[in-house]
Participant: 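Attaching a single structure in structure tokens format; questions to follow.
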Amino acid sequence: MTKEYIQPDYIFEVSWEVCNKIGGIYTVLSTKAKTLQKIYNQRTIFIGPDLSQENIYFIEDATVFPDWCEHARIKNGLKVRTGYWDIPGKPYVILIDFQSLFPQKDILYANMWKWYKVDSLHAYGDYDEGCIFAFSTALVIESFYTFYKLSDKKVIAHFNEWTTGMGALYIKQYFPEIGTLFTTHATCIGRSIAGNNKPLYSHLANYNGDQMAQELNMVAKHSLEKQTAHHVDCFTTVSDITAKECEQLLERRPDVVVLNGFEDNFVSKGKNYKIKREEARHSLLYVAENMLGYRPSSETFLIATSGRYEYKNKGIDVFIDALHQLNMQENLKKDVIAFIMVPGYVDCPRADLLANMDNSVLDDPLQFPFTTHWLHDQEHDNVLNHITYRGFKNQQQDKVKIIFVPSYLTGSDGIFNKSYYDLLIGMDATVFPSYYEPWGYTPLESIAFSVPTITTDLAGFGLWAQKVKEEDGLDSGVDVVHRTDYNYFDVTNDICNHLQKLINVSQKEMTSIRKNALYISNKAHWEFFIQNYLYAYDFALKQKRNRY
């Protein structure tokens, strides 16, 4: 099937999250890399920011493009490091130290206004950093392209998210012979509308992106995102729901929808899966025991939600309210412990919790037994305030307890000291009741570990799962709850009811549900979804060819 498409000779893929683990874009790129390697065999080169200590997944290797590195440093004044991304496939990586380019910011912004009407006048926050990084990536591509004399090759440059937009526009201006792609993984204005408690979906047809950018003080980012979408050779996004958003707010329909796949090489198999699941459950229950002051049953039902700390957009508020309702149910066959694994403004691991964990004698419950880490500005934390508002006590007689884990789970959080995946495998269910979710890797990762999940039809993954699953509700392993701008309480009730049913199923039924969850996850492997990218590359190269 791939032979039907024009194939690029070189692919430069640019993102702030190359070798820099932040969120979903990292997962997209790092899992896609292995499949790209199979097809293009080291002709895909990832470009990311040189953040020194934060690039823990980077393997530096001075033998990668050594002649060009010297040329880039001496002739172009570019500070680059080359090597490999420490992920399956180990693709080539170029990291850029872009700090020396900041003095060129005003000239860059003036040119972007002159060439493409990108309005950077009212920029603030991370705008400058993103744009200077993007500019540096374009200079790297320009230098590499020229040094290796690639003018007779089919070359594409793929830019991810608004932070890389100026790189795409610079390439389009100076090297139109390079095919350009731009993927928005969420629109700036759509995310902002949702995050500011404005109804996004029922009013979408009435929103004007430029007007909303003015109202929400998002002019610079929106202008950059919109103009990049309009001027690249191929504009893509990650789901049908976000494609509608782009068409309305950016005034361009994406050329291709590139669904987010994954590789399951991070999932343990066979006997190792059982061992890892038992280890995860032991860790989760042991931390809970030392917070709650009693030893939970090994049969305790473990639930989790996770993702970025976007309180409304990720549906964390819905999750807590659904658990509040669940706590009032009288016919639950098992106790429940729910974990909110969402990175917050962490101060430090709790010393009193660590002391309990070091003490072989079971102690009294902790004072305020709801969080594994203390937070800065804790009295204003939305999660903890909502838990308190809903009257959770985390006492032994309560059917449902909630524990907030506000640290990045990289294996060094100070309490669990396990990665997110090494804890996810121990869960019995996950819930991701998103209001704004262009794709949604967290539920996909969950079912890859055979953990059934609940999500919504406002998530790209939820919409996709509805199309491919063969059974209704949680029997399929993925329950997709209908969500709108105005049915918050219906969503809360539905999640409570579905969880109650799942908690009470027999072991035989649960085994079947877990198998069904894994079955759906297998349909989302990159071997299937990569075809959308191959079509996008073909689209960009044909658009480029039509210019000559």
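Atoms considered below: every heavy atom in the structure, side chains included; atoms not considered: hydrogens, waters and symmetry mates. Treat the numbers as computed from the prediction; the structure is a model and nothing was measured.
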Participant: Would the distance check show the side chain of N504 and the main-chain N or O of N331 forming a donor-acceptor pair, the cut-off being under 3.5 Å?
Facilitator: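 Looks like yes, one N/O pair under 3.5 Å.
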Participant: Sorted by first residue and then second, give each ring-ring contact (aromatic ring centres under 6.0 Å, His included) pair with at least one member in residues 501-530; sequence neighbours left out.
Facilitator: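 ring-ring contact (aromatic ring centres under 6.0 Å, His included) check on residues 501-530 returns F262-H525, W464-F529, W526-Y533.
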Participant: Any heavy-atom pair between the side chains of E225 and I189 that's under 4.5 Å?
Facilitator: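 A side-chain contact is absent here, since even the closest heavy-atom pair is not under 4.5 Å.
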Participant: How about K198: does its NZ atom have over 12 heavy atoms from other parts shown lying under 6.0 Å from it?
Facilitator: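 Not more than 12 within 6.0 Å, no.
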Participant: Does D422 pair with K276 as a salt bridge, N-O distance under 4.0 Å?
Facilitator: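 Yes, charged N to carboxylate O under 4.0 Å.
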Participant: Can a side-chain donor-acceptor contact be found between T453 and T430 if the only test is distance below 3.5 angstrom?
Facilitator: yes
Participant: Within the supplied structure, the quantity of interest is the number of heavy atoms (other residues, nucleotides, ligands) at a distance under 6.0 Å from K244 NZ; does it exceed 12?
Facilitator: no
Participant: Show your reasoning for whether side chain to side chain contact (heavy atoms under 4.5 Å, CB included) applies to L502 and M510.
Facilitator: CA-CA 8 Å; L502 188 64; M510 178 59 87; 3.8 Å; yes
Participant: Answer whether the closest heavy-atom distance between the side chains of Q7 and Y40 falls below 4.5 Å.
Facilitator: yes
Participant: Whether the side chain of D485 engages the backbone of S202 through a donor-acceptor N/O pair (distance < 3.5 Å, no angle test) should be reported.
Facilitator: yes
Participant: Side chain to side chain contact (heavy atoms under 4.5 Å, CB included) for E247 and R252? Distances and angles first, verdict last.
Facilitator: CA-CA 5 Å; E247 187 171 17; R252 181 178 177 184; over 6 Å; no
Participant: Is the closest basic N to carboxylate O distance between D538 and K154 below 4.0 Å?
Facilitator: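 No, no charged N to carboxylate O under 4.0 Å.
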Participant: Any ion pair linking E437 and R483 (charged N to carboxylate O, less than 4.0 Å)?
Facilitator: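 Here R483 does not pair with E437 in a salt bridge, since their nearest N and O are not under 4.0 Å apart.
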Participant: Measure the shortest side-chain to side-chain distance between Y408 and D413 over non-hydrogen atoms and say whether it is less than 4.5 angstrom.
Facilitator: no
Participant: Does a donor on one side chain and an acceptor on the other come within less than 3.5 Å for N487 and H482?
Facilitator: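 No.
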Participant: Can you tell me if Q325 and T492 form a side-chain donor-acceptor pair at under 3.5 Å?
Facilitator: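 No - no donor-acceptor pair under 3.5 Å links their side chains.
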Participant: Do the side chains of D428 and T300 get nearer than 4.5 Å, heavy atoms only?
Facilitator: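 Side chain of T300 against side chain of D428, heavy atoms only: no contact under 4.5 Å found.
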Participant: Between Y286 and H282, what is the ring plane arrangement, given parallel below 30°, perpendicular above 60°, and tilted in between?
Facilitator: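 Taking H282 first and then Y286, their aromatic rings lie parallel (interplane angle under 30°).
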Participant: Kindly check if the number of other-residue, nucleotide or ligand heavy atoms within 6.0 Å of OH (Y294) is above 12?
Facilitator: yes
Participant: Locate the shortest heavy-atom distance separating I387 from F370; write the atom from each residue and the value.
Facilitator: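 Nearest heavy atoms, I387 then F370: CG2-CD2, 3.7 Å.
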Participant: Verify, without hydrogens or angle tests, whether S521 (side chain) and L518 (backbone) share a donor-acceptor contact under 3.5 angstrom.
Facilitator: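 Answer holds: yes.
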Participant: Apply the test side chain to side chain contact (heavy atoms under 4.5 Å, CB included) to residues D381 and F404: give CA-CA distance (whole Å), side-chain angles for both, the deciding distance (0.1 Å), then the verdict.
Facilitator: CA-CA 11 Å; D381 182 79; F404 183 26; 3.6 Å; yes
Participant: Answer with yes or no whether the side chains of T456 and S434 bring together a donor and an acceptor at under 3.5 Å.
Facilitator: no
Participant: Is the closest side-chain donor-acceptor distance between T184 and T187 under 3.5 Å?
Facilitator: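 Looking only at side-chain atoms, T187 and T184 do not form any donor-acceptor pair under 3.5 Å.
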Participant: Will you find, in the side chains of E13 and T44, an N or O donor that is under 3.5 Å from an N or O acceptor?
Facilitator: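 No, because no side-chain N or O of E13 sits under 3.5 Å from a partner of the opposite role on T44.
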Participant: So how far is it from I513 CD1 to I447 CD1, rounded to the nearest 0.5 Å?
Facilitator: 13.5 Å
Participant: What I'd like to find out is whether the side chain of K401 reaches to under 4.5 Å of the side chain of M291, using heavy atoms alone.
Facilitator: no
Participant: At what distance, to the nearest 0.5 angstrom, does OG of S306 lie from CG of L409?
Facilitator: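 One gets 9.0 Å once the value is rounded to the nearest 0.5 Å.
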Participant: Whether the Q248 and Y207 side chains hold a donor-acceptor pair (N or O, under 3.5 Å, no angle test) is what I'd like checked.
Facilitator: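 Result is no, nothing qualifies.
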Participant: Could you check, using the six-membered ring where one of them is a Trp, whether Y5 and Y537 have ring centers closer than 6.0 angstrom?
Facilitator: no
Participant: So does E527 get a backbone contact from the side chain of T35, meaning a donor-acceptor N/O pair under 3.5 Å?
Facilitator: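 Not confirmed, T35 side chain does not pair with E527 backbone.
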Participant: Are the aromatic rings of Y92 and F46 close, with centres under 6.0 Å apart?
Facilitator: no
Participant: Check for a donor-acceptor pair, side chain of Y441 on one end and backbone N or O of G261 on the other, with a separation under 3.5 Å.
Facilitator: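 Yes; at least one donor-acceptor contact below 3.5 Å.
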Participant: Backbone N or O of V400 within a donor-acceptor pair of the N327 side chain at under 3.5 Å?
Facilitator: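 Such a contact is found between N327 side chain and V400 backbone.
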Participant: Is D317 salt-bridged to R390, going by a charged N under 4.0 Å from an acidic O?
Facilitator: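 Result for this pair is no, no salt bridge flagged.
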Participant: Kindly give the heavy-atom pair with the smallest separation between T31 and E263, and that separation in Å.
Facilitator: O-CG, 3.2 Å
Participant: Examine Y435 together with Y201 and report whether their ring centres are nearer than 6.0 Å.
Facilitator: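 Between Y435 and Y201, the centre distance is under 6.0 Å.
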Participant: For I241 and P438, which heavy atoms make the closest approach, and how far apart are they?
Facilitator: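 Looking at all heavy atoms of both residues, the closest pair is CG2-O, 4.2 Å.
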Participant: Has the side chain of T180 got a donor or acceptor atom that lies under 3.5 Å from a matching backbone atom of D233?
Facilitator: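 Yes.
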Participant: So, does N394 use its side chain to make a donor-acceptor pair with the main chain of P369 at under 3.5 Å?
Facilitator: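 A pair under 3.5 Å: yes.
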Participant: Of all the heavy-atom pairs spanning L326 and C496, show the shortest one and how long it is.
Facilitator: N-SG, 3.6 Å
Participant: Has the side chain of H222 got a donor or acceptor atom that lies under 3.5 Å from a matching backbone atom of M212?
Facilitator: no
Participant: Once you round to the nearest 0.5 Å, how far does CD of Q500 lie from CD1 of I503?
Facilitator: 7.5 Å
Participant: When rounded to the nearest 0.5 angstrom, what is the spacing between CD1 in I56 and OG1 in T410?
Facilitator: 6.5 Å
Participant: Compute whether any side-chain donor of one residue and acceptor of the other, for N516 and S476, lie under 3.5 angstrom apart.
Facilitator: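 The criterion, which ignores hydrogens and geometry beyond distance, is not satisfied for S476 and N516.
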Participant: Which pair of non-hydrogen atoms, one from P254 and one from T237, has the smallest distance, and what is that distance?
Facilitator: CG-CG2, 3.6 Å
Participant: Return the CZ to CD1 distance between F432 and I495, rounded to the nearest 0.5 Å.
Facilitator: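 CD1 of I495 is found 11.5 Å from CZ of F432.
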Participant: Report, as yes or no, whether the 6.0 Å neighbourhood of atom CZ on R253 holds more than 12 heavy atoms from other residues, nucleotides or ligands.
Facilitator: yes
Participant: Above 12 or not: heavy atoms from other molecules or residues under 6.0 Å from NZ of K271?
Facilitator: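 Open: at most 12 neighbouring heavy atoms sit under 6.0 Å from NZ of K271.
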Participant: With rounding to the nearest 0.5 Å, note down the distance linking CZ in F182 to CG in N160.
Facilitator: 8.5 Å
Participant: Mind checking whether V478 and F461 have side chains closer than 4.5 Å, heavy atoms only?
Facilitator: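 With C-beta onward as the side chain, the pair touches.
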Participant: Measure the acute angle between the ring planes of F266 and F449, then classify it against the limits of 30° and 60° as parallel, tilted or perpendicular.
Facilitator: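 Answer is tilted, since the angle falls between 30° and 60°.
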Participant: What verdict does the side chain to side chain contact (heavy atoms under 4.5 Å, CB included) test give for W162 and T228, after you've listed the backbone C-alpha separation in whole Å, the side-chain angles of each residue and the deciding distance to 0.1 Å?
Facilitator: CA-CA 8 Å; W162 71 266; T228 306; over 6 Å; no
Participant: Do any N or O atoms from the side chain of E161 and from the backbone of H185 form a donor-acceptor pair under 3.5 angstrom?
Facilitator: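 Checking the backbone N and O of H185 against the side chain of E161, a donor-acceptor pair under 3.5 Å is found.
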Participant: Are any non-hydrogen side-chain atoms of I316 and N382 less than 4.5 angstrom apart?
Facilitator: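 They are not in contact (no side-chain heavy atoms under 4.5 Å apart), so the answer is no.
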Participant: In sequence, state the C-alpha distance, the side-chain angles, and the governing distance for K501 and D479, and then conclude on salt bridge (charged side-chain N to carboxylate O under 4.0 Å, His left out).
Facilitator: CA-CA 12 Å; K501 177 183 176 182; D479 191 24; over 6 Å; no
Participant: Which donor-acceptor pairs under 3.5 Å do side chains of residues 18-29 form with protein atoms, sequence neighbours excluded?
Facilitator:
from: N20; atom 1: ND2; to: W16; atom 2: O; distance (Å): 3.0

Participant: With a 4.5 Å limit on heavy-atom distance, are the side chains of L302 and L285 in contact?
Facilitator: yes
Participant: Please report the closest heavy-atom contact between Y84 and K90, naming both atoms and the distance.
Facilitator: CD2-O, 3.3 Å
